[in-house]
Amino acid sequence: MSSQVVLITGGLTGIGRAAALAFAKKGAKVVVAGRRDEAGKALAKELRTLGAEAEFINADVRQEDDIRNAVDKTVARFGRLDVAVNNAGTEGRGGPITDQTAESYAATLDTYVLGVLLSMKHEVRVMQKQGSGNIINISSTYGHEGAAGASVYVASKHAVEGITKSVALEVVKSGIRVNAIAPGPVDTGMLTRFTGTAENKAALVTTVPMGRLGVSEEQANAIVFIASEEASFITGHILNVDGGKSH
């Protein structure tokens, strides 16, 4: 783990931030990418206090030049890219299908689907030259289930799982593993913004057999495991980290 170079998109909050901290504690070199300079620089500084080499790169995953630059800067700084965690997200706009528009569709799909596609394009580009690498996409239990009032979000996460499985097959002989984790409800700011009310958030707890929301650190532990040699024969897999919600 100590030799790994890790790039995390959407790395400034929630699961991405927790993953950055978890990798840093394992001795990895960590690059966090996001759109907020002040928060990004503060996180990189925090990671360095843990003894890790760390950098922040401003990047919007919807812009191909940004993600190409983030990947290339990571390789220029550390010589390689071993692990990529594609975590950039948005709460989008929930509600019935009759309320959805081309704009609400684009706001969600451009981040979750286009962003993952562009990120993987450039991550695979450098990993193929190395002959090794790990890509971990962040899906959701809604990547393989339905949810009333969340049709656009559900569509985006189904797409993430399909892309994950397809690219895993494309690159399996290149020494690259591609997997995804599928969180259930995780107690983050984005969940609060999406659900809208404390009552809606509390209602999600009833869907989880363990009787509580997940936390970002649990997702981070799963990401670190999937990226490790202990998971060396796992590819094209969607790992549910959801307290039994998908059962």
Side-chain angles (χ1 to χ4, degrees), residues 1-63 65-90 111 115-116 118-127 129-130 132-138 176-181 183 186 188-190 215-231 241:
M1 183 69 69
S2 61
S3 63
Q4 285 184 321
V5 176
V6 182
L7 170 64
I8 304 173
T9 68
L12 308 189
T13 60
I15 294 171
R17 174 184 171 84
L21 291 167
F23 277 113
K25 290 173 183 176
K26 293 285 186 179
K29 302 173 178 66
V30 182
V31 178
V32 287
R35 294 185 290 167
R36 295 180 293 118
D37 286 345
E38 185 175 349
K41 291 174 182 178
L43 177 56
K45 182 178 180 180
E46 182 179 353
L47 297 174
R48 293 184 198 112
T49 67
L50 298 173
E53 294 184 65
E55 301 290 343
F56 164 70
I57 298 174
N58 188 298
D60 182 339
V61 297
R62 299 169 297 180
Q63 305 299 322
D65 287 347
D66 280 15
I67 196 63
R68 180 191 293 110
N69 180 61
V71 170
D72 289 347
K73 279 190 172 181
T74 299
V75 175
R77 172 67 175 83
F78 293 115
R80 58 188 297 110
L81 175 61
D82 298 303
V83 180
V85 181
N86 296 319
N87 176 70
T90 175
T111 296
V116 166
L118 294 175
S119 296
M120 293 181 77
K121 171 183 177 179
H122 291 285
E123 292 154 3
V124 166
R125 170 174 59 83
V126 299
M127 289 177 177
K129 294 177 183 177
Q130 298 170 177
S132 65
N134 279 283
I135 297 174
I136 302 155
N137 297 323
I138 309 303
I176 303 168
R177 294 192 292 112
V178 184
N179 295 285
I181 67 160
V186 178
T188 64
M190 193 170 81
V215 296
S216 296
E217 289 74 16
E218 292 164 333
Q219 308 301 320
N221 290 338
I223 291 167
V224 170
F225 165 70
I226 288 287
S228 72
E229 284 301 309
E230 284 77 9
V241 190

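For this chain, numbers begin at 1 and follow the sequence in order.
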Checklist entry - Between atom OG1 of T9 and atom CG of D60, what is the distance when rounded to the nearest 0.5 Å? => result 10.5 Å
Checklist entry - Do the side chain of N179 and the main chain of I136 share a donor and acceptor less than 3.5 angstrom apart? => result no
Item to check | E218 (side chain) donor-acceptor with V241 (main chain) under 3.5 angstrom | outcome: no
Checklist entry - Is it true that the side chains of Q4 and N134 contain a donor and an acceptor less than 3.5 Å apart? => result no
Checklist entry - Given side chains that start at C-beta, do those of L47 and F23 come closer than 4.5 Å, heavy atoms only? => result no
Item to check | Value rounded to 0.5 Å, distance of CD in Q219 from CD1 in I181 | outcome: 4.5 Å
Checklist entry - What is the distance from atom CG of L118 to atom CG of D65, rounded to the nearest 0.5 Å? => result 10.0 Å
Checklist entry - Which heavy atom of S3 sits nearest a heavy atom of D82, and at what distance? => result O-OD2, 3.4 Å
Checklist entry - Between L50 and L21, what is the shortest heavy-atom contact and its length? => result CD1-CD2, 3.8 Å
Item to check | R68 CZ: over 12 foreign heavy atoms closer than 6.0 Å | outcome: yes
Item to check | CA sep, side-chain torsions, deciding dist, call: K73, E55, salt bridge (charged side-chain N to carboxylate O under 4.0 Å, His left out) | outcome: CA-CA 10 Å; K73 279 190 172 181; E55 301 290 343; over 6 Å; no
Item to check | N/O donor-acceptor pair under 3.5 Å between N137 side chain and A180 backbone | outcome: no
Item to check | Closest approach of A54 to A44 (non-hydrogen atoms, all atoms of both residues) | outcome: CB-O, 3.8 Å
Next on the checklist: Under a 3.5 Å distance rule, please check whether S119 uses its side chain to pair with a backbone N or O of V116 as donor and acceptor.
Outcome noted: no
Checklist entry - Between A70 and A59, which heavy-atom pair has the shortest distance, and what is it? => result CB-CB, 4.3 Å
Item to check | Pair D66 + R35, salt bridge at N-O below 4.0 Å | outcome: no
Checklist entry - Which heavy atom in V32 sits nearest to a heavy atom in G40, and how many Å separate them? => result CG2-O, 4.4 Å
Next on the checklist: I'd like to check K26 versus V224 (side-chain heavy atoms, cut-off strictly below 4.5 Å). Are they in contact?
Outcome noted: yes
Next on the checklist: Evaluate R36 against T13 for side-chain contact (heavy atoms from CB on, under 4.5 Å), listing each step before the verdict.
Outcome noted: CA-CA 11 Å; R36 295 180 293 118; T13 60; 3.3 Å; yes
Next on the checklist: So, taking the atom named CD1 in I226 and the one named CG in N221, what distance separates them when rounded to the nearest 0.5 Å?
Outcome noted: 12.0 Å
Checklist entry - Is any side-chain heavy atom of I15 less than 4.5 Å from a side-chain heavy atom of I223? => result yes
Next on the checklist: Looking at every non-hydrogen atom in both residues, tell me the closest pair between R177 and S228 and how far apart they are.
Outcome noted: NH2-O, 3.2 Å
Checklist entry - Which distance, rounded to the nearest 0.5 Å, do you find between the CD1 of I135 and the CD of E123? => result 5.0 Å
Checklist outcome for this item: The reported gap from CD1 in I8 to CG in L43 (rounded to nearest 0.5 angstrom) is 8.5 Å
